[in-house]
Amino acid sequence: MSVKNLINSDKIPQHVAIIMDGNGRWAKTKGNNRIFGHQNGVNAVRDTVEAASEIGVKYLTLYAFSTENWNRPKLEINALMQLLMKAIREETPRLIKNNVRILSIGDLDSLPSRVKSSLERAKADTAHCNGLSLVLALSYSGRWEIANAAKQIAKLVANNLLNADDIDEKTIGKYLNTSNMPDPELIIRTSGEYRISNFLLWQIAYSEFYFLSKFWPDFAKEDFFEAIYNYQQRERRFGKISEQVNQIDK
Ligand code: IPE
Ligand code: IPE
Ligand code: MG
């Protein structure tokens, strides 16, 4: 029996974010090069998008390329960019068919122009889709995003369009790339690493974490459902005590 049948449809997280890690190590176990791992990672992305759609998740954010990933060998960066472009182009018709809208977060201007334009095209082509929103984190890092927000807010203050005393958490949130999205209730990381690697630093204030040792290319629908089911067994207290959380209107 699939664990999918155990999932409570009234408690589906609105936003799940995934650190897709372990492509290189997966390939190594197969005696192959790192690029082979990235290529196979695309299959796991396809399955995960489908799984998230099936249970009614509204936002699925995938960490595909971090700011720090620019420090990898040139050859790997080029291959990743090429693969990204190919995947976006090839997968868009299926995404449209499945009513999936593509969004992105990150410093898109730092991407090669060909990658940026295929992403822009895919976003435009899926803009009418109102099922799952698939958010690609590209050239993204949490610190970059927060610094970027600070810069925009500082400009407003300098131009007397905003009073510094009025800056609160909502103001910061409004100038992040994720301004129109709910914070992720659940963060998943594959490959047995227990770190956040500069992902969604502001937004994960109260996220639940789910780590698994599988490498990303082996991540299957059932793993996704397992993570959701596991999340549903937790009590999220947001600083309160258990009794408060379990009482209505307290
Ligand atoms: C994740 O797999 C994909 C990206 C970061 C682009 P890795 O490439 O980090 O694979 P490992 O972690 O080295 O095995
Ligand atoms: C995190 O994976 C970034 C992505 C999944 C895109 P990394 O493999 O780059 O993370 P670190 O550097 O090992 O923490
Ligand atoms: Mg890695």
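Values below: every heavy atom of this structure, side chains too, minus hydrogens, waters and symmetry copies. None of the values given here were measured: they were computed from a predicted structure. Read the numbers this way: they start at 1 and go in the same order the structure lists the ligands and their atoms.
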**Student:** Test your reading of the structure: does D21 have an N or O sitting under 3.5 Å from an N or O of ligand 2?
**Tutor:** yes
**Student:** At a non-hydrogen distance cut-off of under 4.0 Å, which region of F65 contacts ligand 2 (side chain, backbone, both, or neither)?
**Tutor:** backbone
**Student:** Using a distance-only test with no angle check, is there a side-chain donor-acceptor pair under 3.5 angstrom linking R189 and S197?
**Tutor:** yes
**Student:** What are the two closest heavy atoms between G41 and W216, and how far apart are they?
**Tutor:** O-NE1, 3.1 Å
**Student:** Going by heavy atoms, is R195 under 4.0 Å from ligand 2?
**Tutor:** yes
**Student:** Between T171 and D168, is there a side-chain donor-acceptor contact under 3.5 Å, judged purely by atom types and distance?
**Tutor:** yes
**Student:** Check each heavy atom of K28 against ligand 1 and say whether those closer than 4.0 Å belong to the side chain, the backbone, both or neither.
**Tutor:** neither
**Student:** Using distance alone, decide if ligand 1 has a nitrogen or oxygen within less than 3.5 Å of any nitrogen or oxygen in R34.
**Tutor:** yes
**Student:** Taking only Lys NZ, Arg NE, NH1 and NH2, and the carboxylate oxygens of Asp or Glu, determine whether E54 and K221 approach each other closer than 4.0 Å.
**Tutor:** yes
**Student:** Between W202 and E169, which heavy-atom pair has the shortest distance, and what is it?
**Tutor:** CZ2-O, 3.7 Å
**Student:** I'd like to know if the side chain of N198 reaches the main chain of R143, judged simply by a donor and an acceptor atom lying under 3.5 Å from each other, with no hydrogens or angles considered.
**Tutor:** yes
**Student:** Look only at the side chain of N78 and the backbone of L75, and say whether a donor-acceptor pair between them is shorter than 3.5 Å.
**Tutor:** no
**Student:** Indicate yes or no: does K74 engage E76 in a salt bridge with an N to O separation below 4.0 Å.
**Tutor:** no
**Student:** Nearest non-hydrogen atom to atom 5 (C) of ligand 2 belongs to which of E193, R189, M20?
**Tutor:** M20
**Student:** Check this for me, if you would: do E226 and K4 make a salt bridge, where the nitrogen-to-carboxylate-oxygen distance has to be below 4.0 angstrom?
**Tutor:** no
**Student:** For the Mg ion (ligand 3), find the closest N/O/S atom on D21 and give its atom name.
**Tutor:** OD1
**Student:** Which atoms of ligand 1 sit under 4.0 Å from any heavy atom of H38?
**Tutor:** 3 (C), 8 (O)
**Student:** Can S141 and E68 be counted as having a side-chain donor-acceptor contact under 3.5 angstrom?
**Tutor:** no
**Student:** With a 4.0 Å cut-off on heavy atoms, is S191 in contact with ligand 1?
**Tutor:** no
**Student:** Any atoms of ligand 2 less than 4.0 Å from a non-hydrogen atom of R72? List them with their elements.
**Tutor:** 7 (P), 8 (O), 9 (O)
**Student:** For atom 6 (C) of ligand 2, what is the nearest protein heavy atom, given as residue, atom name and distance?
**Tutor:** Y63 O, 3.3 Å
**Student:** Among all protein heavy atoms in this structure, tell me which lies nearest to atom 12 (O) of ligand 2, with the distance rounded to 0.1 Å.
**Tutor:** S197 OG, 4.6 Å
**Student:** Tell me the protein heavy atom at minimum distance from atom 2 (O) of ligand 1, and give that distance in Å.
**Tutor:** N23 N, 3.1 Å
**Student:** Side chain, backbone, both or neither: which part of A137 comes within less than 4.0 Å of ligand 2 when only heavy atoms are counted?
**Tutor:** neither
**Student:** Show which atoms of ligand 1 fall inside a sub-4.0 Å distance from at least one heavy-atom site of A64.
**Tutor:** 6 (C)
**Student:** In terms of side-chain heavy atoms, does N99 have a donor or acceptor partner in N130 at a distance below 3.5 Å?
**Tutor:** yes
**Student:** Which heavy atom of the protein is the closest neighbour of atom 10 (O) of ligand 1, given with residue, atom name and distance?
**Tutor:** G24 N, 2.9 Å
**Student:** Would you check whether G22 has a nitrogen or oxygen atom less than 3.5 angstrom from a nitrogen or oxygen atom of ligand 1?
**Tutor:** yes
**Student:** Starting from atom 9 (O) of ligand 2, which protein heavy atom do you reach first, and at what distance in Å?
**Tutor:** N69 ND2, 2.9 Å
